[in-house]
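Only this structure's heavy atoms are used, side chains among them; waters, hydrogens and symmetry mates stay out. Below, chains carry the letters A, B, ... as their sequence lines are ordered, and counting in each starts from 1. Note that the structure is a prediction, hence the values are computed from the model and not measured.
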Number of protein chains: 2
Amino acid sequence: MTAHPPGAAPAGRRAGAERVRDAERTRAEILAVATREFADRGYAGGRINEIAARTRTTKRMIYYYFGSKEQLYVAVLEQAYAGIRALEQQVDVEHLDPVAAIRELAALTFDHHEAHPDFIRLVSIENIHRAEHIARSTVLPDLAEPALAALGTILRRGREAGVFRDDVDALDVHQVISGYCVFRTANRHTFGAVLGRDMLDPARRHHQRTMLGDLVAAFLQAPDPRRAPATAPR
Amino acid sequence: MTAHPPGAAPAGRRAGAERVRDAERTRAEILAVATREFADRGYAGGRINEIAARTRTTKRMIYYYFGSKEQLYVAVLEQAYAGIRALEQQVDVEHLDPVAAIRELAALTFDHHEAHPDFIRLVSIENIHRAEHIARSTVLPDLAEPALAALGTILRRGREAGVFRDDVDALDVHQVISGYCVFRTANRHTFGAVLGRDMLDPARRHHQRTMLGDLVAAFLQAPDPRRAPATAPR
DNA sequence: CTCCGTATGTACCAGTTGGTGAGTTGGCTG
DNA sequence: CAGCCAACTCACCAACTGGTACATACGGAG
């Protein structure tokens with residue numbers, strides 16, 4: 001994800017330089033550097049000149065391959081989203097019991113978000129722009145979070161087993177989990193500045209991770225508050 | 001609103017205006033316009049020229065009063081944060097029972113965040129800048145979220161009454177509530193674009209609001225999972 | 001009325017930024 | 001080897017951007 005050592009990737013090739021003519025590689029390098037730049041400074045704050053300078057190619061090449069700053073940014077977004085949807089459906093939906101499964105899914109999401117802060121930054125940035133670029137993309141809308149399918153299955157099994165409430169759907173739960181995970185990364189800095197706690201402090205990680213599992217599990221297992229008053233758990 | 005004709009401007013004086021020489025008013029107007037501009041386009045994306053154009057004064061005045069773009073932005077942040085901390089401690093902490101109180105606090109936070117989307121945008125923007133401006137401010141750190149005090153009281157009373165778990169503190173709960181509320185506003189656009197649901201759709205508002213209350217209430221009332229296995233509530 | 005600092009407007013600038021025209025070279029194909 | 005096109009370099013620019021030098025008018029103090 002970060003800058004890879006120059007010579008290591010393709011077999012052969014001189015260690016330091018010797019990048020003669022390799023469209024694929026040039027394009028990939030531009031995209032990688034651009035990802036860092038935009039994730040770091042936002043779209044408006046990101047500088048084409050700076051991206052060019054950090055690449056082994058020139059600014060002209062950026063326009064050769066991507067056409068414009070905006071198209072480059074969209075390409076960055078698309079690649080980032082694409083790289084994310086991989087690790088999603090690893091939950092053993094069918095064999096774990098629903099509560100264990102939902103905890104597993106929460107934990108997985110937790111780890112996943114924590115491992116990809118750059119992606120979360122890009123998402124935040126894109127939200128500031130009201131998702132106007134993402135909306136213009138042709139590739140993104142249909143990836144539709146495969147985690148949702150797993151989540152839906154877990155919820156259904158939980159309801160059938162009579163342990164989950166039935167007034168929330170998969171998107172609701174996804175929103176809760178995602179909100180929790182995104183918030184602690186995306187709002188880490190102001191939260192820390194104003195409240196004096198670093199939500200990503202490794203010492204607190206286990207607690208935070210457990211808390212998310214408890215949160216979602218307790219929520220789903222709670223008696224439907226529409227018929228059982230909140231103060232009277234049996 | 002746009003460029004005003006030089007000579008003809010308000011030949012006939014406006015009734016309440018009389019903006020001949022009014023430092024206070026000029027300053028305030030700049031700040032208001034700047035707030036919108038920065039909330040709308042971010043710090044790097046915000047344009048001093050644009051702010052000036054939308055004001056009845058000139059760019060020169062911005063520098064006269066605020067010195068630089070960055071100082072103006074910090075002033076915007078400070079005013080935004082200051083304007084927020086008002087509505088916070090309205091919960092009747094002492095008289096409501098803990099569960100009702102925590103639901104009330106959650107609902108209040110929910111309404112509050114929903115009513116101030118610009119503030120949330122500014123916070124998002126500031127997080128992208130890693131809170132570097134907020135950190136430099138001298139006023140912000142000590143406002144320390146008065147809601148936390150109320151929250152602390154609620155938690156303590158709930159624990160004393162034996163209905164709340166004791167392994168989470170006020171900041172933890174605040175993080176959960178805040179995360180939920182911030183997420184649905186801050187990430188509204190990408191969530192909508194990728195998952196096809198508008199978290200702020202008025203038709204869903206009641207459900208979302210209730211869900212947050214249930215979430216927090218269920219979480220706090222859940223048996224301590226460290227001694228009671230999740231699958232076996234007797 | 002005169003004085004004077006504060007508030008304000010005009011014109012301007014130097015540096016940067018996204019973007020491009022046009023020529024050059026590597027290396028594959030025939 | 002000739003031909004050719006994709007890949008690449010270099011120099012250049014118009015527009016904008018944050019910022020400022022300087023002139024000026026308001027309006028209260030004396």
Quiz item: According to the interplanar angle, ranging from 0 to 90°, do the rings of B:F38 and B:Y73 count as parallel (below 30°), tilted (30 to 60°) or perpendicular (above 60°)?
Solution: perpendicular

Quiz prompt | Separation of atom CZ in A:R25 from atom P in C:dG26, rounded to whole Å | solution = 18 Å

Quiz prompt | Qualifying residues under salt bridge (Lys or Arg N to Asp or Glu O under 4.0 Å), relative to A:R188, sequence neighbours excluded | solution = A:D198

Practice problem: Indicate whether OP1 or OP2 belonging to D:dC8 is found under 4.0 Å from a side-chain N or O atom of A:T57. | Solution: no

Quiz item: Is there a side-chain polar atom (N or O) of A:Y64 under 4.0 Å from OP1 or OP2 of D:dA6?
Solution: no

Quiz item: Which of parallel (below 30°), tilted (30 to 60°) and perpendicular (above 60°) describes A:F119 and A:Y81?
Solution: perpendicular

Quiz item: Rounded to whole angstrom units, what separation is found between the CE atom of B:M61 and the C1' atom of C:dT10?
Solution: 12 Å

Practice problem: Grab the CD-C1' distance between A:E24 and D:dC8 for me, whole Å please. | Solution: 16 Å

Quiz item: Taking atom CZ of B:R205 as the centre, does the number of heavy atoms from other residues, nucleotides or ligands within less than 6.0 Å exceed 12?
Solution: yes

For nucleotides 17-20 of chain D, print each protein N/O atom paired with a nucleotide N/O atom at under 3.5 Å, atom names and distance only.
from, atom 1, to, atom 2, distance (Å)
D:dT17, OP1, B:R47, NH1, 2.7
D:dG18, OP1, B:G46, O, 3.3
D:dG18, OP1, B:K69, NZ, 3.1
D:dG18, OP2, B:I48, N, 3.2
D:dG18, N7, B:K59, NZ, 3.3
D:dG19, OP2, B:Y63, OH, 2.8
D:dG19, OP2, B:K69, N, 2.9
D:dG19, N7, B:K59, NZ, 3.0
D:dG19, O6, B:K59, NZ, 2.4

Practice problem: Let me know the distance between CD1 of A:I30 and C1' of D:dT9, rounded to the nearest Å. | Solution: 13 Å

Practice problem: May I have the distance from A:F66 (atom CZ) to C:dG18 (atom C1'), rounded to whole angstrom? | Solution: 16 Å

Quiz item: Using 30° and 60° as the class limits, which term best fits the ring planes of A:H129 and A:Y43: parallel, tilted or perpendicular?
Solution: perpendicular

Exercise. Give a yes/no on whether any side-chain N or O of B:T26 is located under 4.0 angstrom from OP1 or OP2 of C:dT8.
Key: yes

Quiz item: Whole Å only: how far is the CD1 atom of B:I62 from the P atom of C:dA7?
Solution: 16 Å

Quiz prompt | Test item: B:E37 side-chain N/O and B:R47 main-chain N/O as donor-acceptor pair under 3.5 Å | solution = yes

Practice problem: Decide, yes or no, whether a salt bridge links B:R184 with B:D201 under the criterion of side-chain N to carboxylate O below 4.0 Å. | Solution: no

Quiz item: Taking CG from A:D22 and C1' from D:dA6, how many angstroms apart are they, rounded to a whole number?
Solution: 12 Å

Quiz item: Rounded to whole angstroms, how far apart are OH on A:Y65 and C1' on D:dT9?
Solution: 13 Å

